[in-house]
Amino acid sequence: MDSDITKVTTHLSHNEALIFDRSQSGRVGYRLPPLDVDETPIEQIVPAEFQRTDDLEGVPEVSEVDVIRHFIRMSTWNYSIDLGMYPLGSCTMKYNSRLNEAVARIPGFANLHPLASEEDAQGALQVIYELEQHLAEITGLPAVSLQPAAGAHGEMTGVMIVRAFIDARDGEGASARRRTMLIPDSAHGTNPASAHLSGFSVKTIKSTSAGLTDLDHLRQLCAAGDVAGFMLTNPNTLGLFETKIQEICRIVHEAGGLVYMDGANMNALVGVARPGDMGVDVIHLNLHKTFSTPHGGGGPGCGPCCCTKELEPFLPVPRVVKRDTDEGYRLDFDRPQSIGRVKAFFGNYGMMLRALAYIQTHGNDGLREATEAAVLNARYIAHGLANDYDRPFPTPPMHEVVFTDKRQTRKGVHTLDIAKRLIDYGFHPMTIYFPLIVPGAMLIEPTESVGRQELDQFIDSMASIAREAVEDPELVRNAPHLTRIGRLDEAAAARRPVLRWQPKTSTGTA
Amino acid sequence: MDSDITKVTTHLSHNEALIFDRSQSGRVGYRLPPLDVDETPIEQIVPAEFQRTDDLEGVPEVSEVDVIRHFIRMSTWNYSIDLGMYPLGSCTMKYNSRLNEAVARIPGFANLHPLASEEDAQGALQVIYELEQHLAEITGLPAVSLQPAAGAHGEMTGVMIVRAFIDARDGEGASARRRTMLIPDSAHGTNPASAHLSGFSVKTIKSTSAGLTDLDHLRQLCAAGDVAGFMLTNPNTLGLFETKIQEICRIVHEAGGLVYMDGANMNALVGVARPGDMGVDVIHLNLHKTFSTPHGGGGPGCGPCCCTKELEPFLPVPRVVKRDTDEGYRLDFDRPQSIGRVKAFFGNYGMMLRALAYIQTHGNDGLREATEAAVLNARYIAHGLANDYDRPFPTPPMHEVVFTDKRQTRKGVHTLDIAKRLIDYGFHPMTIYFPLIVPGAMLIEPTESVGRQELDQFIDSMASIAREAVEDPELVRNAPHLTRIGRLDEAAAARRPVLRWQPKTSTGTA
Amino acid sequence: MLRQIGLSSPDELFETVPVELRLTRPLDTPAALSEIELLSRFRGLATRNTAATRPGFLGAGAYSHYIPTIVDHIISRSEFFTAYTPYQPEISQGTLQAIFEFQTLVCQLTGMEVANASMYDGSTALAEAVLMAERVTRRSKVVACDAIHPEYLEVVNTYVQHAGIHLERVGFDENGQISKAVDSAIDDQTAALVVQSPNFFGCVEDITMLAQKAHDRGALLIVVVTEAISLGLLKPPGACGADIVVAEGQSFGVPLSFGGPYVGLFATLEKYARQIPGRLVGEAFDKEGRRGFVLTLATREQHIRREKATSNICTNEGLIALAATVYLETMGRQGLQEVARQCAQKAAYAARRIGELEGFSLPFSAPRFNELVVRAPMNASDLLARLASQNNITGGLALSRYFPDRLNDFLLCVTELNTRSEIDSLVEGLAKVVANSLLTTGA
Amino acid sequence: MLRQIGLSSPDELFETVPVELRLTRPLDTPAALSEIELLSRFRGLATRNTAATRPGFLGAGAYSHYIPTIVDHIISRSEFFTAYTPYQPEISQGTLQAIFEFQTLVCQLTGMEVANASMYDGSTALAEAVLMAERVTRRSKVVACDAIHPEYLEVVNTYVQHAGIHLERVGFDENGQISKAVDSAIDDQTAALVVQSPNFFGCVEDITMLAQKAHDRGALLIVVVTEAISLGLLKPPGACGADIVVAEGQSFGVPLSFGGPYVGLFATLEKYARQIPGRLVGEAFDKEGRRGFVLTLATREQHIRREKATSNICTNEGLIALAATVYLETMGRQGLQEVARQCAQKAAYAARRIGELEGFSLPFSAPRFNELVVRAPMNASDLLARLASQNNITGGLALSRYFPDRLNDFLLCVTELNTRSEIDSLVEGLAKVVANSLLTTGA
Ligand SMILES: Cc1ncc(COP(=O)(O)O)c(C=O)c1O
Ligand SMILES: Cc1ncc(COP(=O)(O)O)c(C=O)c1O
């Protein structure tokens, strides 16, 4: 069955119950120093009716070694970058340097309170300032805010800036008639959701058969005169560079709108081309993609928003600025036109430290080399899979490439099956069924963090799955076969959702 | 086949080649700052004939992410304490606290050079002093040296101290006639090896049918008048306490010998009984067992040697002593009777930090509780396996218990098979075929670091293996079945040993 | 490889990028630094964060609590921190089960029925709670108390400004709790009443009573908690009738790290499960009936619902939620109560000591957990600045940062990490600074 | 559980221990400390290790080199550091393959044919090499040079004192290399000639020539290396004809840690494989022909051979050998040569600068790697003490510690971590201290 599988085999895998089922009354995994102040009768501190009465029933009681084994065992059930290539398209799963982790744990940063006085946090403020400078140079957009906590958060911030700018430019009345945000049908779902959050109604722009923005459709929609902006991803979610980007910007600008770029795919451009030079007005970046801050099984991220000088007044408060008195830095809260705060304090600071370390250890040459390697690897895969899978768009891809299950569906094997079978071959699957406009899409992004050997292994595995799809479709349809658990019934899970553990004889939790 | 297996299942396991086969010429995983001094022509520093000419051919060339994936993948092939119970008898595989790891990594210790002046290393010297004090109290033997790097090293040190003492006591001539070290047939192999290293000839003492030292045999051998000492382990390697220990010490002392105790099994005694009170003259401890310093896949260890005031003058140099001038500490090199140095510098210092942290976080009550739990767990297993396996010695065991394959051999299933089958059940096997005097020995030491649930799981697994041995002996004889690799042919490996990687077309390495 | 795909130079990889857009110069960012250089550079910067090494009494939304050593060891496992969002359950059960346990723990602590897999932080969680209340009630007015963390209110303002939601503010009384004006503020257009407890001034609100008031008008009660450790001692909002409870989870084993990454907790009632923003993990089974976990109710999310999603949040705070899970399971049932107890006791001790100080007073009389407002006989910013320079203590937060008129007030936070001797030297320091400055002004 | 096994109290667990031996009082060791208390206690102790934070030029058997961040991340994997010696290959392949790579790397660097899985450290490795030479040659005399690390010689003395081995010492000449007297010292009773290179004074020995001399008399040549980084630049002893090469592996990614744990490297020729002390890992195959690794040639070890074993060593330095393996693979072919180059170049620079200093001289003229003996115009201990207190530099090791007559000499070590500015301030510091002390003595 797995004759062609070279990357993995099977081995013992430890089971582990939910911590709640491991709990044993009376066990503890902590030790605190004894209370060193004379005790006040607790009712004198908090009246009885304000106190908890459930004695935290149900909260686990386990020893330290129980906790260690619990999580170490569970961790072995995960795939991770450190185990191999993680070709999730649009997610840029690149190597997370240990050095950057060490930097984020330097006590002078890890133990710094966000409300420490400017005087007491000069090193931390300088980090923010430097990172903003670097990102401005990389994007060609001079004004930067690091406050957004993730890509979608950066989108919301950027779109609100667009709106604030138009309100200021056109004045209440006129701007009220500009409430349309144009978004390509290939865009990531967060784009329309973020636009909606900012009170825009979304109009969808078609993609051409070549997978690029349909300029005629764009002109047509712009003609309506209600366009506040256009949110496009470049390279777009098909991994194709929007060759007409300059013209696109011109059209939108002439229609009185602004161009928002989703920078999730900047790993194709860093050091090679700059959105600011293309005519883009505002962009968000994903430091947890392009700048290698670890994805952590679902975050934290950091979604900086970079924009033109024109838009700078609208960025969130506070901003970090140089003091004119000396070399130091200070916080500037006095920005009357700002859209306001999008997050408490300064954003996901720990991610900023890691991203700055990434930029400074790579150096300007290293950043460009990473981009070249990322694109080269995607091209190599595009080339290597051409014989076995249908590739809807012939244009040479940038950092990621999309294929479909068109040829395999004839035998009843679909993208989901191919993805699951890829698991048996020891790879994390690519992004599937995204972008939505490509039926059975398989979006593959190798990133620069994978060597020739593993790329070939991936291509061979995909080829042999293609063979299996013909010779033994059942095998593929029932994959994965080598995992500790099979395909889970997600439909049933959603029908009667069980979202938490409950004590066998539930007495409620408070 | 594995219906009764509850602790584990199987899951994907990544393959990984030898690093040498992954090497790609030109790849690098490091970056150093540029040389910041003006360069001297290298021949002016080292003449050409003293320089390496092979350009380090064969040494791997890989990227940082290659190295990370290499070792992370390989690590997943290991069993470890953090994955579960590790009942290797005589090895005391207990939980290794993360706190102790943090302590050992405090820069003020990790970056301290061993030749720093006493003034510059007061904190480090205090740690040595405190740990020696604690170990003296725990063993009841007031003089301690932390210099030995492991148990066997501590044995050698202790035995040399015995020899030096006798030489000093009897004078060259007479002492030359005392060159016999008595060692029980149940002793660990390092005991005779260490005695030999100190120039002693070994005479073996029989164990009684009860698994204890044969006192008649002891008296008989002592009568010869050539006995320098007796090395015994207590509790002995069968997990039994030498009830007659006081009499044993008397006999040996009256015969002019000293009593050396192998302290590898101190986890049964800490806080409960002290070797010094039993009449023991010198002992070694294994900090990497009783005091939880991580075993690291084969070390590092630390094998302190503790002895009576009488033997103190013979301990290795240097010793750490209190300064009479102030509260500080200094190194004392002036010990004319010392056996000398057994290791450069002060021994495995990092392990001392961990052991001290272990002792101080447990506290005196915690140390005793750990001992009680360790013995209780062993008793629980002794009780739980009684129906399925032969237990050669009825005496209640201390911290470990020995069983045999006597009942299973009838069906041709041997200890090795049972151990290998236990792997399929998700446990690391017990120590097997040791001690040598017990045919088909299975020496089980659960330690205190395992909860009731897992103990029961272990007992059930052993029970179901016993059933399998009757119903399906082949299944057991061919185990393990669920591992990424089967039993390896060790005989063939020893016949034509391949001890290193060689380039396909070897050109030699220099 | 290049040749293999028919290219002769790296530049050709970018053939689809118009020539005039291609960067022909190197980026104007620094040249590469080695590990040695980078580490010494950042260590150097860190030394200029002087507050990080000083004993401190800063709280106000970020708290220094003891973090068990094992937390960092576990979140540093490659398998956790280098994994993506668990889209492929067969090879992501580690992350999924951990989130399921996180959701359960959040429910247990808040006393609610369902919780999500995390939000960016407490402030954005609150904003999302307000938006959700509007969806649930289809009402557009929200009443919020001035004693909510000012930065949280700013974030809520930003989020609701284009959602057609009218935010009405209610003040606080002389005890430091929400003022009676709340009664008239809530009407039948009110989607929710929003309160923080313990509030920004450290005062515990009477949530049961407020839930009553909200429910009487068909409005929801949203409770926000910034000091989550208080849940170890105080009656859980769920038990008081709250409909949505959000909290900042930083107190659960997450370093201060100059404000982030932290983790937002979001919990509500079962009946609103399909209105929750963000990710949810649920139980599922495979063909052989083996139990596992999956991301569920995805139809709420933007991947499918696009602009009609309950939120735009995608990447959340997975690893920080894991840290909180490890923390909560390590401290456990007893530890969480013990930490809460020590915080409350030490704060009470500090309050008593400071209350006795000549010229100092504690303006608010309501019950408190571990934060309190102190009124000094001089400008609080000056006082704290001198306390830092002269006594090397970070004494707390001058309220003028957020409340310009409260020149002499500052907010003090005490946790289990503040030893008695630290508290005592704080008290002495305060007295000394005031004495000296009176002298100087006197002179 | 107690009841289940028929006991009623914990004390009954110790029924086999005679009552009079049972401890009836609590141990006189401190009460339990919490994590918080323990960490602050050890951090406090650490601050009193003042040398740890100072730029330093100490070598002499322990060296501060750059350690790539990933080393600690990998050896901190639970699967590596909480595993036992790999007795069960089916569930220990990670450790076994790593050791096999370690053995290979040691062979490549030393230029030898076989290497073991590690010894305690360089000094005990040397002692075991001497014992092995005696086994191999059945000769009982060993000739060792005085320029070997003094502590290593002490350890050898301890090990051989009861093995009937006579250790004969040979001095060193004015160049700092082994003296001509070696010719007459080696005779046909000589089991081995033992030299260190670079030797304790940093001087490189002519190993090829010495191998010749040893082999001419049928003796083995044992070469010991304390600064293993030198192998990146210097001709490997194996290529010079050495029969046994031992080294201290601390330079390969292992922290100074006040002298341990370090790792001893032990390599020799294939024909002596069965005489090697310690563990060996070899290739093996299972029934299906899958390649794996096992502990092999165990018949040499005490488990089987008891007193006839080649050594008593059992637990060795597994995790440190792993650290060295990670280090060597990370630095790789190029990195190891680059580190060696930088050490040699910076030492040469320091030598030149100090050589130019008024009153200072470099007594030994032989080629050196990264250590050198400096002769000062004053007592070296005083000089270094003042350098530390006045300039906050640890200037090296006063040789009087081991060579009481060399009052003005000290041993200086320079590595890639010593920046030019550190070297320059060392040089200026030396000059200043001497100048001042001349003044004071002059006055
Ligand atoms: C193209 C695109 N845009 C936006 C996002 C949203 O970013 P985040 O998940 O950080 O909110 C993603 C990430 O999934 C993406 O791929
Ligand atoms: C009883 C006994 N004695 C001595 C030793 C040797 O200790 P080490 O391996 O630390 O040298 C051991 C460990 O295996 C042992 O179990």
Side-chain angles (χ1 to χ4, degrees), chain B residues 29-30 36-37 40 56 59 71 74-75 77-82 106 108 110-114 116 120 122-124 149-150 152 189 192-194 196 199 241 273 294 296-301 340-341 344-346 348-350 363-364 372 375 383 483 485-486 488 493 497-498 500-501 509-510, chain D residues 5 10 13 16 21 26-27 29 31-32 45-46 48-52 58 74 77-79 81-83 85 90-91 93-95 104 108 111 120 123 151 154 158 162 236 239 255 257-261 282-284 286 292 302-303 306-307 309 312 315-319 330 333 335 348-349 420:
Chain B
Y30 79 101
D36 60 358
V37 300
T40 312
L56 281 179
V59 172
F71 288 100
M74 279 161 52
S75 72
W77 307 340
N78 276 4
Y79 189 89
S80 65
I81 293 177
D82 285 2
I106 294 172
N111 301 335
L112 184 61
H113 193 287
D120 283 339
Q122 282 297 307
S194 300
H196 175 74
F241 188 87
R341 246 185 202 290
F345 308 126
F346 311 105
N348 282 345
Y349 188 78
N364 46 11
E372 288 172 356
V375 174
H383 180 269
T483 49
I485 194 164
L488 294 157
V498 175
R500 59 168 293 188
W501 170 88
T509 53
Chain D
I5 60 171
L13 291 167
T16 59
L21 289 183
L27 282 173
T29 59
L45 287 168
R48 303 181 37 220
N49 298 329
T50 40
L58 274 172
I74 288 169
R77 285 280 293 180
S78 294
E79 293 85 341
F81 91 97
T82 79
T85 301
E90 298 88 348
I91 47 176
Q93 283 299 308
T95 296
T104 304
Q108 292 173 326
Y120 299 139
S123 68
E151 297 197 5
E154 289 177 48
T158 308
H162 306 307
S257 190
F258 205 49
E283 194 176 65
D286 72 2
Q302 17 38 46
H303 294 301
R306 317 286 288 178
E307 63 264 39
N312 69 330
T315 291
N316 45 34
E317 302 291 304
L319 197 69
T330 305
R333 185 177 185 169
Y349 172 78
R420 182 199 186 115

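Remember, it's a predicted structure, so these values are computed and weren't measured experimentally. Here is how names work: the chains are called A, B, and so on, in the same order as the sequence lines, proteins then strands, and each is numbered from 1.
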**Request:** Side chain from CB out, backbone as N, CA, C, O: work out which of these in Ile5(D) comes under 4.5 Å of a heavy atom of chain B, or both, or neither.
**Result:**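 When you check distances to chain B, atoms from both the backbone and side chain of Ile5(D) fall under 4.5 Å.
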**Message:** Using heavy-atom distances under 4.5 Å, tell me whether Thr104(D) contacts chain B through its side chain, its backbone, both, or neither.
**Reply:**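 Both backbone and side chain of Thr104(D) come within 4.5 Å of chain B.
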**Prompt:** Which region of Ile106(B), side chain (C-beta onward) or backbone (N, CA, C, O), has a non-hydrogen atom less than 4.5 Å from a non-hydrogen atom of chain D, or is it both or neither?
**Reply:**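 It is the side chain, since no backbone atom gets that close.
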**Request:** Kindly write out the residues that satisfy salt bridge (charged side-chain N to carboxylate O under 4.0 Å, His left out) with Glu79(D), not counting sequence neighbours, or none if the list is empty.
**Result:**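 Partners of Glu79(D) by the salt bridge (charged side-chain N to carboxylate O under 4.0 Å, His left out) criterion, ordered by chain and then number, come out as Arg77(C), Arg77(D).
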If we define contacts as heavy-atom pairs under 4.5 Å, which of [options] has the most with chain B?
options	answer
Gly282(D), Gly260(D), Ser78(D)	Gly260(D)
Ala46(D), Ala309(D), Ala31(D)	Ala46(D)
Thr85(D), Thr82(D), Leu319(D)	Thr82(D)
Ser123(D), Pro255(D), Pro261(D), Ala284(D)	Pro261(D)
Thr50(D), Ile91(D), Thr16(D), Leu45(D)	Ile91(D)

**Request:** Dump the intermediate steps for side chain to side chain contact (heavy atoms under 4.5 Å, CB included) on Met74(B) and Ile74(D), then the final yes or no.
**Result:** CA-CA 11 Å; Met74(B) 279 161 52; Ile74(D) 288 169; over 6 Å; no
**Asked** Where is the tightest heavy-atom contact between Ala124(B) and Leu112(B), given as atom of each residue plus distance?
**Response**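 Nearest pair, atom of Ala124(B) first, then Leu112(B): CB-CD2, 3.4 Å.
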**Over all atoms of both residues, closest heavy-atom pair of Ile485(B) and Gly292(D)** =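 Heavy atoms only, the tightest pair is CD1-CA, 3.7 Å.
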**Request:** Look at the rings of Phe258(D) and Phe346(B) and say which category their plane angle falls in: under 30° parallel, 30 to 60° tilted, over 60° perpendicular.
**Result:**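 Ring orientation, 0 to 90° scale: parallel.
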